[in-house]
Amino acid sequence: MVRRVWDRGAASDPGLLRLAAGLRTTGAIALTLAVLAPFGVGVSHLVAGAITAMVATFAIQEKRRGPQGVTLALGLPVAAASVALATLLHSLVVVGDVFFVVLIFGAVYGRRFGDRGHALGMIAFQTHFVALFVGVRTGNLPGFLGTVAVAFACSAVARFVLVPQTSAGIFHRLRRAFRARLAQLLDAQLELLDAGPENPENAEKALERLRERTARLHETALMIQSRLEEGTPDEASARLVQRRIADAEITAERLGLLLLTARSAERADTLTLHLPGAPVPEGGKLLVRDAARDTLRRDLSALRLLVREPEAAGTSRSHLRNRLLGYRDEENLPDGPPAVQDVFRGIGEAARAVLGLRIVLDGPQDDTDDTAEAARSREELDAEDAALEAEEEPEKTGLERPTTRAAIQVAVGSSLAIVGGEFLSSQRWYWAVLTCWIVFLNTASTGEILVKGYRRLLGTVLGVAAGLVLAGLVGRHTWTAFALVLLCVFAMFYTAPLSYTLMSFFVTAALGVLYTLLHTYSLSVLVLRIEETALGAACGVIAAALVLPVHTDRRTDDLLGSVLEHLADVTSGALDQLSGAQADDLLERARDLDQALADLLAATQPLTHPVSPLRSRKNTARYVVALLETCAYHARSLAATAELLPTHPSIAADPRLRGAGERIVANIGAVAAHVRGESAAVRTGASIASLLRPGRYGTPRYGRVTDRVLRHLQRLDEAVVGLARPLGATVKAESGDVVASRNL
């Protein structure tokens, strides 16, 4: 029971990164308050210490402990200087405002210097804000500087002692999260298997859950890939883990597709797994009969057990593993339609991937109970391991550099926010500046800034209502108030990656309590908070739209071009290797493709947001992203198969594949050219399988593995041609006739 609960937590919070961030930040704040309280300092010092400890903790995002310590040490003098300058310039209104704008520009520009530059810039800005918020003056400046030093020291203790995190520890938890999410995906596949045609609503819900859990598994795989260098002892180990994670992800996704196909008389379109709202393919009678369904349910449950409890030993686990691996041999497949037999083959391949995952993550396993098929699978994995162990874009300058552009935009927006904020309140104008600053963080287009501003305003309005309730409950009870603030801070960091609206809600609720502690609480103050937030968001959007604007269309086009470039690179490299040539770093190329697609997905959020009035563009954006996810899946599968080529006894190079895949690579290039505004046409023609008919290149067809490669190529070909239509590219048959040309 405890393990099941732990696995659920690991799956919902991969690597427990959100939990650790919340505990570390609240721990730093609590420790700061505990150190300051015995000295009898005032509430303003306690508030300043709490906010500074929070900033010193969350601003540092470097992955290794050594660089984290250096950045924290550098952050203390930066924070002290920022607080001192805010205090000394308080009486010089114009000079102080100009310095604040310069500070904001420098803080954003510092992002070009990596995590350390970003952290120091954030510390400088936020501690300047702290000085304005608590009202530091020249007479009490030394005391507040001491508070800042205590806060940084407590942040260090919380980071390195109370809630320590090592790269190896995070990597271990991410691996556990991957297993938990893989087990959850198998749960969803079982639900889909049990959802019969007599209850289509259950089938639709099961398919939606399958989509969601497939996406969550992919998200965790990306997180693991981003930690490979820090979490593994050497490059060979990193490549091996990457190989096994990719195997497990691809085989699990393929198993879901095979189940969808087995539910109908027609092969399921891969797009069904990636397009929200796509219906469950029925296409006639259900192919999975009761007897086969019972066997499939038993085997999927066994596979889930092997994933969920990898360290469990004993003959029962070995028996389950050996039985599932046996499906990799044709003679062990149960009788039934070909589509149902494909599901059993998929279970066998998934069992092999789980075995490989267990070996690479947990070390060598006892092989005394191995059957012949299990021994063969181990030999294949060992051969792949041995093979793996044996084996930039031009920098933008000036105003083209994103950090320079963003720094100028936020400086202009902050200037507008200062002027407008002064009209609303000469005492709390900095709320508008803070909002303007925040909406520019981790955004790159006008649409993204607009969406983030909307979310912050919505969270602020809801937080004000919560703040009113909390302030009334707390009254003047200082430590009760700080306890509520700690709860809000923890919730803020735990929900931040999930919902910016929720994060803003908890921030504003905490501020309502802090205002009570500072004896400045009133309904008018909280209403002013909403007004300043709205003003700051508006100033940010105006600056982004008028000063060196990056429109959402332009950014999505740039990212779409990058995705297509990586897609062509992966596809071309995989085809080269499958045809007998040598291609380097296929898995690394696939990882770059996944990251480019993740960036595009984030950039399309303004187009797909529920409040977007452009329904047609919203649907088009979702459809294009779903098609690209389909293309990426098939490209990853081709790359994974190509990586097996040197060591897998059942895979042989087929020189015909290079010629058959030339049209796909050319069509990807044509779509990319169309996105760039160049004239290009996508070509359609005979199916990929027909291009490899016996005798076309004077060589016979190979076996089941080549057939699988052909299916991936065929689906990739169809998906790329499908991309041309919503993007408005011209589609021509090989005869030269125009098939389609339309713009959406």
Side-chain angles (χ1 to χ4, degrees), residues 24-60 68-92 96 99-100 103 106-107 116 119-163 427-428 430 434 476 478-486 488-489 510-511 513-520:
R24 189 187 304 117
T25 307
T26 52
I29 295 173
L31 186 59
T32 301
L33 296 176
V35 172
L36 292 176
F39 292 97
V41 298
V43 172
S44 59
H45 283 268
L46 295 176
V47 172
I51 299 178
T52 303
M54 180 179 71
V55 173
T57 304
F58 80 75
I60 298 174
Q68 290 175 6
V70 172
T71 304
L72 194 60
L74 294 173
L76 177 57
V78 168
S82 185
V83 170
L85 287 170
T87 304
L88 297 175
L89 297 176
H90 172 74
S91 58
L92 305 174
F99 171 76
F100 200 12
L103 175 64
R116 180 164 296 160
L120 294 179
M122 184 172 289
I123 288 171
F125 173 81
Q126 296 283 7
T127 50
H128 192 98
F129 164 79
V130 169
L132 297 175
F133 179 64
V134 299
V136 181
R137 298 294 178 263
T138 306
N140 55 17
L141 177 59
F144 277 101
L145 291 179
T147 297
V148 169
V150 169
F152 269 78
C154 293
S155 175
V157 172
R159 177 177 295 275
F160 299 117
V161 180
L162 297 181
V163 191
Q427 300 298 318
R428 296 184 176 84
Y430 44 78
L434 179 66
R476 302 296 182 183
T478 301
W479 295 110
T480 303
F482 274 118
L484 283 175
V485 169
L486 286 175
C488 289
V489 169
L511 286 173
V513 179
L514 290 178
Y515 277 134
T516 303
L517 292 175
L518 294 172
H519 307 297
T520 56

Less than 4.5 Å apart, any side-chain heavy atom of Leu514 and any of Leu511? yes
Within the structure provided, determine whether Thr127 and Val148 are in side-chain contact (heavy-atom separation under 4.5 Å). no
Given side chain to side chain contact (heavy atoms under 4.5 Å, CB included), test Arg116 with Ile60 step by step and report yes or no. CA-CA 7 Å; Arg116 180 164 296 160; Ile60 298 174; over 6 Å; no
Would you mind reporting whether Met54 and Thr26 have side-chain heavy atoms less than 4.5 Å apart? no
Flag, side chain of Thr52 to backbone of Ala48, donor-acceptor distance under 3.5 Å: yes
Shortest non-hydrogen separation from Thr71 to Ala119 and the atoms involved: CG2-CB, 3.8 Å
Please find out if less than 6.0 Å separates the ring center of Phe39 from that of His45. no
Quick one: pull up CD1 in Ile29 and CG in Leu31 and give me the separation to the nearest 0.5 Å. 11.0 Å
With no hydrogens and no angle check, is any side-chain donor or acceptor of Thr57 less than 3.5 Å from a backbone partner on Thr25? no
List the atom of Ile123, the atom of Ala79, and the distance in Å for their closest heavy-atom pair. CG2-CB, 3.8 Å
Please answer whether the main-chain N or O of Ala151 pairs with a side-chain N or O of Ser155 as donor and acceptor at a distance below 3.5 Å. no
Using the ring centroid of each side chain, check whether Phe100 and Phe125 are separated by less than 6.0 Å. yes
For His128 and Tyr430, run ring pair (Phe, Tyr, Trp, His ring centres under 6.0 Å): C-alpha distance rounded to whole Å, both residues' side-chain angles, the deciding distance at 0.1 Å, then the answer. CA-CA 10 Å; His128 192 98; Tyr430 44 78; 9.9 Å; no
Got Val134 and Val136 here, is their nearest side-chain heavy-atom distance under 4.5 Å? yes
Cys154 and Val35 have their tightest heavy-atom pair at SG-CG2, 3.9 Å
Testing the basics here: between Leu76 and Phe152, what is the closest heavy-atom pair and its distance to 0.1 Å? N-CE2, 3.5 Å
Specify the closest pair of heavy atoms between Ala124 and Ser82, including all atoms of both residues, with the distance to one decimal. O-OG, 2.6 Å
